[in-house]
Amino acid sequence: MGQRDFLLGSVREALLGLDGDRPEQATPAPARPAATVMLVRDDEGPLEVFMLRRVSSMAFAPSMHVFPGGGVDRRDAEDELPWAGPAVEEWAETLGTDEAGARMLVAAAVREIFEETGVLLASPADDADAGTPHLAPDAAADLRRRLVAHEIGFGQVLLEHHLVLRSDLLRYRAHWITPEVEPRRYDTYFFVAAVPEGQDPDGETTEADHSEWLRPSAAVAAFEDGDLMLMPPTLVCLEQLAEVTTVRAAMDQDLPIAAVMPHLVQTDAGPAMRAELP
């Protein structure tokens, strides 16, 4: 795709301290590994993607529309994590990481969407082809609360409920690293997954104040009209999703993937993040 500039706008300029005297940042903050998932559906018409609007008090990306996701938990890399689908070795090759990193990222993707939406990409351990489980609402809510509070690990959830993580339900889509100018940084791997039959994401997370299903093209148009805010990785992923109209097509999109880390530049139109897109 080549070089592209993403104008910051007044809100992001203020967050980065570009509207006043900005202190020098001696050393960039470390980029924490993270995973995010585009949950998609097409059972009610053309392709839609599930999005959250982050609460305005969040230290990272306040008020932005985002896909469910977040940072890894060290327990996501546990060897005993029940697993089905492509092996960890295969995911390591796909993601360009070592096996521990691949296990952690895939597990984080599945754990995060369960925490933030209630959707669980797992199957009964004794029959991985039987479909995804249906946990009682109260039990699922309690598990989500305990995961967020770090009282339990995701592997423990799967083991206690005789489930296996379904890595085959994910597709790798993109890799973005937060610019070095940002005070909080993430090394984020983007995935896409179809919402399993019988499950419905709810967006009940303290990190968001609103959730909704959006057609990718409508989300892009709303961003261009100033009606919602998007970070560059989210915008590009939405533009790519807008090229297809079905879940199957979204899962089968063959996209070039390379790590993208934008950097701050000054353009004639104002401060922008410049990225070299694959």
*asked:* Quick test of your reading: applying ring-ring contact (aromatic ring centres under 6.0 Å, His included), list the pairs with at least one residue in residues 197-218, sequence neighbours left out, ordered by first then second residue.
replied: Phe50-Trp213
_Which residues share a salt bridge (charged side-chain N to carboxylate O under 4.0 Å, His left out) with Asp202, sequence neighbours left out_ = Arg144
*Basic-acidic side-chain contact under 4.0 Å: Arg111, Glu115*: yes
*Might you work through the side chain to side chain contact (heavy atoms under 4.5 Å, CB included) test for Arg74 and Met104, ending with a clear yes or no?*
CA-CA 7 Å; Arg74 59 179 178 77; Met104 188 163 52; 5.6 Å; no
_Within the structure provided, determine whether Gln156 and Arg75 are in side-chain contact (heavy-atom separation under 4.5 Å)._
no
*Of all residues at least two apart in sequence or in a different chain, which pass the ring pair (Phe, Tyr, Trp, His ring centres under 6.0 Å) check with His161?*
none
*Nearest 0.5 Å please: distance from the OG1 atom of Thr246 over to the CZ atom of Arg41.*
15.0 Å
*Would you name the heavy atoms of Ser167 and Val106 that are closest together and state the gap between them?*
CB-CG1, 4.0 Å
*Can you measure from CD1 (Ile152) to CZ (Arg146) and round to the nearest 0.5 angstrom?*
4.0 Å
*Val195 versus Asp200: any side-chain heavy-atom pair under 4.5 Å?*
no
*For Val265, which fellow cluster members are found when Ile, Leu, Val, Met, Phe, Trp and Tyr are connected by side-chain heavy-atom distances below 4.5 angstrom, either directly or through intermediates?*
none
*Kindly give the cluster partners of Met261, where membership spreads through any ILVMFWY side chain lying under 4.5 Å from a current member.*
Ile177
Run the side-chain donor-acceptor check on residues 217-238: report pairs under 3.5 Å with partners two or more places apart or on a different chain.
none

*Value rounded to 0.5 Å, distance of OG1 in Thr94 from CZ in Arg171*: 10.5 Å
*Do you know the tightest heavy-atom contact between Leu105 and Ala34?*
CD2-O, 3.5 Å
*asked:* Is a donor from one side chain sitting under 3.5 angstrom from an acceptor on the other, for Asp73 and His150?
replied: yes
*What pairs with Arg54 under side-chain hydrogen bond (donor to acceptor under 3.5 Å, both in side chains), at least two apart in sequence or on another chain?*
none
_Atom of Ala208, atom of Val55 and distance for their closest heavy-atom approach_ = C-CG1, 3.6 Å
*Kindly determine whether Trp91 and Tyr172 satisfy side chain to side chain contact (heavy atoms under 4.5 Å, CB included), including the steps that lead there.*
CA-CA 9 Å; Trp91 274 107; Tyr172 179 39; 4.2 Å; yes
_Test salt bridge (charged side-chain N to carboxylate O under 4.0 Å, His left out) applied to Asp5 - qualifying residues, sequence neighbours left out_ = Arg274
Donor-acceptor pairs under 3.5 Å, side chain of residues 59-70 to any protein atom, not counting sequence neighbours: which ones?
residue, atom, partner, partner atom, Å
His65, NE2, Glu212, OE2, 2.9

*Who are the side-chain hydrogen bond (donor to acceptor under 3.5 Å, both in side chains) partners of Gln253, not counting sequence neighbours?*
Arg173
_Any residue meeting salt bridge (charged side-chain N to carboxylate O under 4.0 Å, His left out) with Glu239, in chain and number order, not counting sequence neighbours_ = Arg4
*asked:* Just verifying a value: how many Å separate Phe154 CZ and Leu120 CG, rounded to the nearest 0.5 Å?
replied: 5.5 Å
*Do the charged groups of Asp209 and Arg53 touch, with an N to O distance under 4.0 Å?*
yes
_All pairs passing ring-ring contact (aromatic ring centres under 6.0 Å, His included) where residues 94-116 contributes a residue, at least two apart_ = none
